[in-house]
Protein chains: 2
Amino acid sequence: MNRGTARARKPAAERRRQIIEVTTRLIAERGFWGLSMQDVADGCGLTVPGLLHHVGSKDRLLLAVLDHRDAEDARALVAELGPFEWPYPLPPGVDLRRLCAALVRRNAAQPEIVRLFAVLEAESLAPGHPAHAYFVTRQERALAAFTTVAGGSGDRPSSLARQVMALMDGLQIQWLRDPEGTDLVAEWEIAAEALFR
Amino acid sequence: MNRGTARARKPAAERRRQIIEVTTRLIAERGFWGLSMQDVADGCGLTVPGLLHHVGSKDRLLLAVLDHRDAEDARALVAELGPFEWPYPLPPGVDLRRLCAALVRRNAAQPEIVRLFAVLEAESLAPGHPAHAYFVTRQERALAAFTTVAGGSGDRPSSLARQVMALMDGLQIQWLRDPEGTDLVAEWEIAAEALFR
DNA sequence: GTCTATAGGACGATAGAC
DNA sequence: GTCTATCGTCCTATAGAC
């Protein structure tokens with residue numbers, strides 16, 4: 001049906017939001033290398049050239065998705081912790097343990113987003129990946145920010161920062177693989193008890 | 001050169017070893033969705049049909065790579081800890097902390113293999129991935145085995161098992177992204193100090 | 001055990017009409 | 001803002017000769 005007739009014409013901003021939402025879901029499922037522009041277009045009720053008109057190229061679409069995630073995370077965290085810059089550094093008064101608890105609670109409510117990052121984090125280890133630079137920078141900034149906030153907690157703040165990041169990522173993978181059998185928030189609390197002791 | 005002339009004819013077993021080695025490297029770089037049979041064939045000095053003669057299909061090639069890894073890991077761990085079954089359960093006398101130290105030391109010496117697993121672990125979260133079942137089983141077994149070995153260490157052995165697995169995976173990702181700036185073995189030792197305290 | 005030839009698609013991207 | 005048409009390339013897999 002509708003073959004040969006014009007499809008719904010949407011304002012660019014709204015269409016863009018839709019494209020990013022659909023792409024987010026598909027990358028979480030298949031990663032960037034497994035993503036096809038055809039699938040994105042289908043999911044939006046567009047043809048591929050119609051899609052490319054909005055995003056330029058497949059690489060730029062990926063970066064648009066990541067930019068949008070950063071903006072969303074900034075919104076959520078500022079609402080929770082008060083105004084500060086994002087992504088990173090964190091405001092100096094923040095308590096690391098409470099910050100992490102907030103992050104884990106938020107992540108537990110949006111498995112799709114967590115999976116998006118889990119898949120891209122691994123895929124982008126290859127230097128040729130279009131999000132390689134993004135994730136290198138992201139890790140540098142996260143490590144620096146968490147290290148600063150961990151400053152008072154012991155004699156190796158950067159190691160504590162690394163442990164916090166590693167545990168969150170690792171527990172999330174376990175949870176994504178077995179959501180029914182894994183209580184992400186509870187396991188984090190138990191782990192935090194050991195880390196911050 | 002050599003266009004149209006017969007290529008080197010190898011015994012099947014040797015050719016298979018070569019194919020698995022080349023594939024391991026390529027999957028570590030691009031994941032399974034990003035892997036092309038053409039690249040594997042080129043890396044082996046074969047045509048694509050020549051390659052398919054040995055491995056049957058792309059899916060079966062992936063599973064062959066994983067089987068080969070399990071066999072190699074079994075060899076190495078038995079050499080280090082004495083004879084036991086693999087993959088899992090572990091022999092009951094093993095000390096969890098010493099086992100982990102051995103695993104981390106071994107992993108630190110073979111970043112390519114660690115990356116292979118990091119990439120596939122994330123990619124295979126999707127139910128349609130050809131290694132999905134493999135990694136579900138792997139996580140179940142690892143959790144069960146580590147829980148058993150952690151039995152005497154506290155009142156929540158399964159949580160300690162999860163923390164150990166999560167920390168190893170998470171630290172490895174950080175290390176792969178910044179090998180120069182991250183001392184995997186040292187960071188693990190510091191983390192283990194906190195976990196096993 | 002390896003090849004050539006080919007089937008039969010899917011891919012990302014561009015040109016140009018409307 | 002969306003389309004049709006098309007380019008050139010890549011993909012996995014099969015058939016059959018040697």
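The figures here come from the full heavy-atom set of this structure, side chains too, leaving out hydrogens, waters and symmetry mates. Below, chains carry the letters A, B, ... as their sequence lines are ordered, and counting in each starts from 1.
- Using a 4.0 Å cut-off, no side-chain N or O of R9(B) falls inside it from OP1 or OP2 of dC3(C).
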Test V164(B) against F196(B) for side-chain contact (heavy atoms from CB on, under 4.5 Å), laying out the working first. CA-CA 9 Å; V164(B) 161; F196(B) 292 107; 3.9 Å; yes
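- Residue H53(B) places none of its side-chain N or O atoms closer than 4.0 Å to OP1 or OP2 of dT2(C).
- Out of dT14(D), dG1(C), dC3(D), the shortest distance to the side chain of H54(B) is found at dG1(C).
- For S36(B) (side chain) and Q38(B) (main-chain N/O), a donor-acceptor pair under 3.5 Å exists by modelled atom type.
- For L52(A), the side-chain atoms get nearest to dA13(C) when compared with the rest of dA13(C), dT2(D), dG1(D).
- Of the possible donor and acceptor atoms, none in the side chain of H54(A) sits under 3.5 Å from a partner among the backbone N and O of R16(A).
- Between the side chain of E121(B) and the backbone N or O of F135(B), no donor-acceptor pair lies under 3.5 Å.
- Under the salt bridge (Lys or Arg N to Asp or Glu O under 4.0 Å) criterion, R105(B) pairs with E80(B), not counting sequence neighbours.
- As a whole-Å value, the separation of L51(A) CG from dT14(C) C1' is 14 Å.
- For dT2(D), the OP1/OP2 oxygens have no side-chain nitrogen or oxygen of T47(A) closer than 4.0 Å.
- Computed from coordinates, the R30(A) CZ to dA10(C) P distance equals 13 Å when rounded to whole Å.
- Between the CZ atom in R162(A) and the CG atom in L184(B) there is a gap of 9.5 Å [rounded to 0.5 Å].
- Contact check for C44(A) versus L51(A): no side-chain heavy atoms found under the 4.5 Å cut-off.
- The L46(A) side chain lies nearest to dC3(D) when the options are dA13(D), dC3(D), dC3(C).
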Kindly determine whether R75(A) and E72(A) satisfy salt bridge (Lys or Arg N to Asp or Glu O under 4.0 Å), including the steps that lead there. CA-CA 5 Å; R75(A) 267 202 327 111; E72(A) 286 290 294; 3.3 Å; yes
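- In this structure, the side chain of E123(A) engages the main chain of W33(A) through a donor-acceptor pair within 3.5 Å.
- Considering only heavy atoms from C-beta on, W175(B) comes within 4.5 Å of V114(B) through its side chain.
- Side chain of K58(A) to main chain of F32(A): a donor-acceptor pair is present (N/O by atom type, distance under 3.5 Å, no hydrogens or angles).
- Listed by residue number, the members of residues 124-132 of chain A with any heavy atom below 4.0 angstrom from DNA chain D form an empty set.
- Contacts with DNA chain D (heavy atom under 4.0 Å) in residues 16-29 of chain B: none are found.
- Identified under the salt bridge (charged side-chain N to carboxylate O under 4.0 Å, His left out) test for residues 18-30 of chain B, with sequence neighbours left out: E21(B)-R25(B), E29(B)-R115(B).
- Using a 4.0 Å cutoff on non-hydrogen atoms, the parts of residues 31-41 of chain A near DNA chain C are L35(A), S36(A), M37(A), Q38(A), ordered by number.
- Against DNA chain D, the stretch residues 55-68 of chain B makes heavy-atom approaches under 4.0 Å through S57(B), K58(B).
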Please step through side-chain hydrogen bond (donor to acceptor under 3.5 Å, both in side chains) for the pair T24(A) and R69(A), ending with a clear verdict. CA-CA 9 Å; T24(A) 298; R69(A) 283 319 316 165; 5.9 Å; no
